[in-house]
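First up is the structure itself, then whatever we jot down about it.
Note that these values count all heavy atoms, side chains included, but never hydrogens, waters or copies made by symmetry.
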Amino acid sequence: MRRTLLRRAGVVVLDYLYAGRHQLRAAFDRSTPETLVDGGGDRAPVVLIPGIFETWRFLRPLAQHIHGSGHPVHVVTALERNRMSVAEAAGLVTRHLDEHDLTGVVIVAHSKGGLVAKYLMGLPDSGARIRSAVTVSTPYAGSSLARLVPLPSLRPLVPNTPGLVRLALNRAVNAQIVSVWGWFDPHIPEGSRLEGARNIELDVGGHFRILARPELLAIVDEVLAPAE
């Protein structure tokens with residue numbers, strides 16, 4: 001028991017070190033979204049959706065990996081730090097899909113971004129443009145820890161809130177989703193399993209560190225691979 005607690009405490013420390021380092025990197029990153037689209041090749045377009053309190057630049061290492069594989073990677077700068085409601089965020093992504101006339105899209109999303117992805121896939125117009133989604137550390141059942149932080153942006157993530165219940169009841173798109181998470185996520189005690197989806201647990205602890213794992217990159221590459 002003590003060993004387990006110590007191991008989990010170590011995961012929390014390493015996870016926040018990772019998050020802090022990449023938030024700092026993102027704060028000084030002056031790259032533009034166009035660099036992830038230009039020269040990306042003609043393979044399936046990817047839309048990157050960050051989690052709450054993250055900008056697209058936080059996910060830039062993941063975006064660069066995908067771009068290097070020949071995919072144009074689209075980011076929605078209007079999301080900023082994704083502190084709006086899931087429906088509002090989905091509206092911004094829908095506008096981007098329409099403006100760029102994207103089809104056959106694969107969404108790669110982190111944390112709350114996965115909720116936005118599923119919401120989008122359930123809409124008639126945007127859903128028709130989306131082929132599949134890889135969601136990483138997404139709180140499909142919410143997070144009980146959201147009750148402990150008095151921020152309006154976190155209230156929709158409390159388990160059993162109306163928005164999460166409605167999203168859970170829409171199971172039609174679940175088979176198009178690959179949900180990936182680590183063995184221990186200090187931010188989501190309820191886990192990221194999604195009924196009817198392809199669910200994959202990796203041998204890594206943390207909510208953020210999983211983003212850099214080779215196993216995750218391999219899963220993303222597999223989903224993005226053209227069907228034979």
Side-chain angles (χ1 to χ4, degrees), residues 4-5 7-23 46-54 56 58-59 61-63 65-66 82 86 89 106-121 130 132-149 154 156-161 163-165 167-168 170-171 173-224:
T4 301
L5 289 175
R7 187 183 179 197
R8 293 192 175 205
V11 165
V12 172
V13 171
L14 292 173
D15 207 36
Y16 277 107
L17 285 173
Y18 176 95
R21 178 162 57 89
H22 284 276
Q23 288 283 19
V46 173
V47 173
L48 203 66
I49 306 180
I52 192 169
F53 306 134
E54 299 170 0
W56 68 269
F58 184 79
L59 300 180
L62 178 57
H65 172 84
I66 298 169
N82 200 1
V86 168
V106 177
I107 294 178
V108 178
H110 180 233
S111 194
K112 176 190 169 185
L115 300 179
V116 178
K118 185 182 176 186
Y119 189 100
L120 282 163
M121 296 168 79
I130 299 168
S132 59
V134 179
T135 66
V136 185
S137 303
T138 292
Y140 286 110
S143 173
S144 53
L145 299 180
R147 293 191 180 97
L148 306 179
V149 185
L154 289 175
L157 301 181
V158 173
N160 298 317
T161 53
L164 284 177
V165 171
L167 199 60
N170 181 13
R171 300 185 179 94
V173 301
N174 289 9
Q176 297 170 254
I177 297 173
V178 179
S179 180
V180 187
W181 67 89
W183 69 268
F184 168 57
D185 187 330
H187 288 261
I188 311 176
E190 289 75 11
S192 297
R193 182 172 294 276
L194 179 64
E195 181 184 349
R198 179 184 171 194
N199 293 289
I200 303 175
E201 179 180 307
L202 298 183
D203 187 22
V204 57
H207 187 72
F208 303 104
R209 293 168 63 226
I210 188 173
L211 292 167
R213 293 289 293 208
E215 301 97 317
L216 173 66
L217 301 181
I219 292 167
V220 172
D221 290 344
E222 177 194 334
V223 174
L224 288 173

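Nearest heavy atoms, Leu62 versus Val108: CD2-CG1, 3.8 Å. Across all non-hydrogen atoms, the minimal contact from Leu48 to Ala63 is CD2-CB, 3.7 Å. Scanning all heavy atoms of the two residues, the minimum distance from Met121 to Ala133 falls at SD-CB, 3.8 Å. Taking both residues in full, the closest heavy atoms of Ala89 and Val116 are given as CB-CG2, 3.8 Å, listed atom of the first, atom of the second, then distance. Here the closest heavy-atom approach between residue Gly51 and residue Glu54 is recorded as N-OE1, 2.8 Å.
A donor-acceptor contact shorter than 3.5 Å is absent between the side chain of Asp15 and the backbone of Val13. The main-chain N or O of Val106 is never found under 3.5 Å from a side-chain atom of Ser132 such that the two would form a donor-acceptor pair. With Arg213 contributing its side chain and Arg209 its backbone, the two residues share no donor-acceptor pair below 3.5 Å. No side-chain donor-acceptor contact under 3.5 Å links Lys112 to the backbone of Thr138. A donor-acceptor distance shorter than 3.5 angstrom exists from the side chain of Gln23 to the backbone of Phe53, with no hydrogens or angles considered.
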Next item on the list: Please test Val180 against Asn199 for side-chain contact (heavy atoms from CB on, under 4.5 Å), starting from the C-alpha separation and ending with a verdict.
Entry: CA-CA 6 Å; Val180 187; Asn199 293 289; over 6 Å; no
Next item on the list: Give the intermediate values and the outcome of side-chain contact (heavy atoms from CB on, under 4.5 Å) for residues Leu167 and Tyr119.
Entry: CA-CA 7 Å; Leu167 199 60; Tyr119 189 100; 4.0 Å; yes
Next item on the list: Would you sort out whether Leu157 and Leu154 count as a side-chain contact (heavy atoms from CB on, under 4.5 Å), showing the intermediate values?
Entry: CA-CA 5 Å; Leu157 301 181; Leu154 289 175; 4.0 Å; yes
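For the atom pair Leu202 CG and Ile210 CD1, the distance stands at 4.5 Å (nearest 0.5 Å). Here the CD1-CD1 distance, from Ile107 to Ile130, works out to 3.5 Å after rounding to the nearest 0.5 Å. Considering CG of Leu211 and NE2 of His110, their distance stands at 4.5 Å, rounded to 0.5 Å. The distance from atom CH2 of Trp183 to atom CZ of Arg7, rounded to the nearest 0.5 Å, is 4.0 Å. The line from CZ of Phe208 to OG of Ser137 is 8.5 Å long, rounded to the nearest 0.5 Å. With values rounded to the nearest 0.5 angstrom, Asn82 atom CG is found 6.5 Å from Ile52 atom CD1.
Between Arg193 and Trp181 the shortest side-chain heavy-atom distance falls below 4.5 Å. Annotation: side chain of Ser192 is not in contact with side chain of Pro139 (no heavy-atom distance under 4.5 Å). Side-chain contact between Leu164 and Pro159: absent, with no pair of heavy atoms (C-beta onward) separated by less than 4.5 Å.
Every residue was checked against the side chain to side chain donor-acceptor pair (under 3.5 Å) condition with Ser179, not counting sequence neighbours, and none meets it. Partners of Asn174 by side chain to side chain donor-acceptor pair (under 3.5 Å), not counting sequence neighbours, listed by chain and number: Lys118. When the side chain to side chain donor-acceptor pair (under 3.5 Å) test is applied to Thr135, the partners found at least two apart in sequence or on another chain are Tyr140. Take Trp56 and apply the side chain to side chain donor-acceptor pair (under 3.5 Å) test, not counting sequence neighbours, and it matches no residue. Under the ring-ring contact (aromatic ring centres under 6.0 Å, His included) criterion, His65 pairs with no residue, sequence neighbours left out.
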Kindly list each side-chain donor-acceptor pair under 3.5 angstrom involving residues 142-149, sequence neighbours excluded, with atom names and distances?
unit_1	atom_1	unit_2	atom_2	d
Ser143	OG	Leu145	N	3.3
Ser143	OG	His187	O	2.6
Ser144	OG	Glu190	OE2	3.0

